[in-house]
Amino acid sequence: MRVYLDNSATTPVAPEVLDAMLPYFSEEIGNAQSVHSYGQRAKSAIEKARRHVAELINATPTEIVFTSGGTEADNLAVRGVAEAHREHGRHIITSKIEHPAILATCESLEREGFRVTYLPVSSNGRVTAADLRAAISNDTILVSVMHANNETGTIQPIEEISATVAEARANRAAHLHFHTDAVQSAGKITIDVKGLGIDLLSMSGHKIHGPKGVGALYVRKGTRLSKLLYGGHHERDRRAGTENVPGIVGFGTAAQLARVHLSERQASMRELRDHLERQIADAVQEVRINSDVEHRVPNISNLSFDGMDGESLLIALDLKGVAVSTGSACASGSLEPSHVLQAMGLTRERVRGSLRFSLSAFTTSEEIDYAVAALTETIIRLREMIPNDEPKTAKLALQ
Ligand code: PLP
């Protein structure tokens with residue numbers, strides 16, 4: 001049996017998504033900028049997808065800018081605001097647990113004279129509104145705090161962050177913008193950009209059963225943004241380059257399916273994720289959840305196994321056909337310990353012994369049972385090799 005539990009890295013394309021995309025590789029070959037009917041059909045397919053993506057987050061379609069993925073959306077948000085508003089201030093606030101697409105963009109801006117504050121997180125992986133409030137100054141132009149973390153699934157207090165930004169904007173930082181990276185939360189939990197007062201929000205197609213290489217940035221109407229790419233006037237002059245028509249069509253269909261099936265997908269993933277954690281807790285000793293169990297997306301479980309090495313577990317599981325991760329896909333392959341778990345203040349051992357299991361709407365209970373059996377067998381075998389005479393009770397620490 002092969003079990004894929006690395007859906008935070010990427011998800012399989014849904015059959016409906018593939019069906020919707022296929023004609024745009026063959027019959028519907030138009031460039032959406034062309035005046036003839038081929039071009040017009042491509043354009044209308046893009047606009048339909050734009051409506052579906054907008055609906056997923058309660059935005060207006062004209063506020064959606066299609067990009068090549070979450071990374072480009074993050075770069076466009078951070079650099080776009082920084083360059084367009086540099087005359088008003090050169091201070092940016094983000095968090096220590098952001099995806100590298102945000103962190104590396106901020107670092108590049110620091111080299112260009114911007115000042116960046118990296119907010120700390122609690123042991124549960126959340127920033128606080130108090131820390132944010134204390135960090136905002138008159139020249140702060142951007143707050144970028146992710147919605148859900150890709151390694152732990154922890155959901156940030158977005159309402160409080162948004163309220164803090166609104167209050168600061170009214171009183172002392174008139175040009176302050178709020179961006180959130182929702183690559184791991186869009187399609188997993190309800191998002192209402194209007195209700196939440198978000199100015200910019202990043203999404204990615206391949207995390208919600210859409211294709212790779214397509215994403216979007218929500219840009220609230222009236223937000224001034226510099227561009228990353230120069231060329232044509234595509235995407236209302238926000239993102240130059242011939243549109244990826246099949247990709248955008250696939251992303252639109254994936255967004256539509258995610259919205260329509262949101263609650264049933266949530267329930268199924270949460271039930272299976274909780275089942276996975278309970279079974280692991282019953283079977284192996286000394287395992288802890290690395291997240292805030294009250295504020296977590298339904299599909300991610302980041303666990304630390306005491307005395308274990310996550311990389312060795314990953315390899316042993318892979319040999320049994322089970323795919324998991326030790327952190328974000330971008331960070332794996334390097335031996336750097338997770339910056340997210342480190343920011344949460346976890347001990348080196350606990351960081352080293354961590355594994356991320358991430359489910360999708362298509363994960364089945366048979367797959368979870370197989371993965372648990374494979375993991376249990378591996379841990380028991382590896383622990384037998386470590387001299388240890390202390391009897392330990394099976395316990396899943398709920399922190
Ligand atoms: N932001 C977060 C939180 C992510 O998890 C990812 C992908 O892992 C990205 C951004 C980058 O998205 P993409 O792979 O579409 O470039």
Side-chain angles (χ1 to χ4, degrees), residues 4-13 17 53 56-57 64-80 94-107 121 125-127 144-156 158 179-189 191 198 200-218 228-229 239 241 244 247-248 250-252 254-255 258 291 295-302 323-334 336 338-341 343 356-360:
Y4 182 78
L5 293 177
D6 198 13
N7 291 281
S8 293
T10 196
T11 55
V13 166
V17 169
V53 172
L56 182 63
I57 56 167
I64 299 297
V65 178
F66 285 116
T67 64
S68 64
T71 299
E72 188 189 327
D74 281 347
N75 274 258
L76 178 59
V78 175
R79 185 162 278 281
T94 187
S95 83
K96 289 188 176 171
I97 59 158
E98 298 297 312
H99 188 272
I102 295 290
L103 293 175
T105 306
C106 286
E107 284 158 19
V121 293
R126 298 184 100 206
V127 303
S144 178
V145 174
M146 71 199 318
H147 195 192
N149 183 265
N150 44 304
E151 294 189 33
T152 62
T154 307
I155 300 169
Q156 296 301 323
I158 229 72
H179 166 252
T180 190
D181 175 339
V183 166
Q184 294 290 344
S185 59
K188 309 287 179 356
I189 55 176
I191 298 181
I198 292 166
L200 303 122
L201 178 143
S202 306
M203 285 177 273
S204 177
H206 71 109
K207 311 288 185 179
I208 58 166
H209 303 292
K212 295 169 181 63
V214 61
L217 181 66
Y218 157 77
L228 296 180
L229 305 179
R239 202 271 181 181
N244 169 6
I248 290 172
F251 182 22
S291 185
H295 305 100
R296 213 170 27 147
V297 285
N299 64 314
I300 297 181
S301 176
N302 190 311
V324 297
S325 155
T326 49
S328 71
C330 316
S332 62
S334 77
E336 279 292 298
S338 154
H339 70 287
V340 176
L341 300 184
R356 178 186 70 181
F357 302 82
S358 50
L359 288 65
S360 85

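From a predicted model like this one, the values you see are computed outputs, not experimental measurements. For ligands, and for the atoms within them, numbers begin at 1 and follow the listed sequence.
At least one heavy atom of His206 sits less than 4.0 Å from an atom of ligand 1.
The proximity of Thr71 to ligand 1, defined as any non-hydrogen pair under 4.0 Å, involves the side chain as well as the backbone. With a heavy-atom cut-off of 4.0 Å, Lys212 does not touch ligand 1 at all.
Checking side-chain atoms of Ser202 against main-chain N and O of Leu217 turns up no donor-acceptor pair under 3.5 Å. At distances below 3.5 Å, not a single donor-acceptor pair connects side-chain atoms of Glu151 with backbone N or O atoms of Asn302. Judged purely by atom type and a 3.5 angstrom limit, Asn7 uses its side chain to pair as donor or acceptor with the backbone of Ser358.
Atoms of ligand 1 lying under 4.0 Å from at least one heavy atom of Asp74, given by number and element, are 1 (N), 10 (C). Close approach of ligand 1 to Gly69 (heavy-atom distance below 4.0 Å) involves ligand atoms 15 (O). Per-residue contacts place Ser204 under 4.0 angstrom from the following atoms of ligand 1 (heavy atoms of the residue considered): 13 (P), 15 (O). Heavy-atom contacts of Met146 reach the following atoms of ligand 1: 3 (C) (cutoff under 4.0 Å).
For the side chain to side chain donor-acceptor pair (under 3.5 Å) test with Arg356, the passing option among Asn150, Thr326, Asp6 is Asp6; the others fail.
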Evaluate the side chain to side chain contact (heavy atoms under 4.5 Å, CB included) criterion for residues Leu103 and Lys96: first the C-alpha distance (whole Å), next the side-chain angles of each, then the deciding distance (0.1 Å), finally the verdict.
-> CA-CA 8 Å; Leu103 293 175; Lys96 289 188 176 171; over 6 Å; no
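Thr11 meets the side-chain hydrogen bond (donor to acceptor under 3.5 Å, both in side chains) test with no other residue; sequence neighbours excluded. Every side-chain hydrogen bond (donor to acceptor under 3.5 Å, both in side chains) that Glu72 has, sequence neighbours left out, goes to Ser68, Arg239.
Any N or O atom pair closer than 3.5 Å counts here, and Asp181 shares at least one such pair with ligand 1. By the 3.5 Å distance cut-off applied to N or O atoms, Gly70 is counted among the residues near ligand 1.
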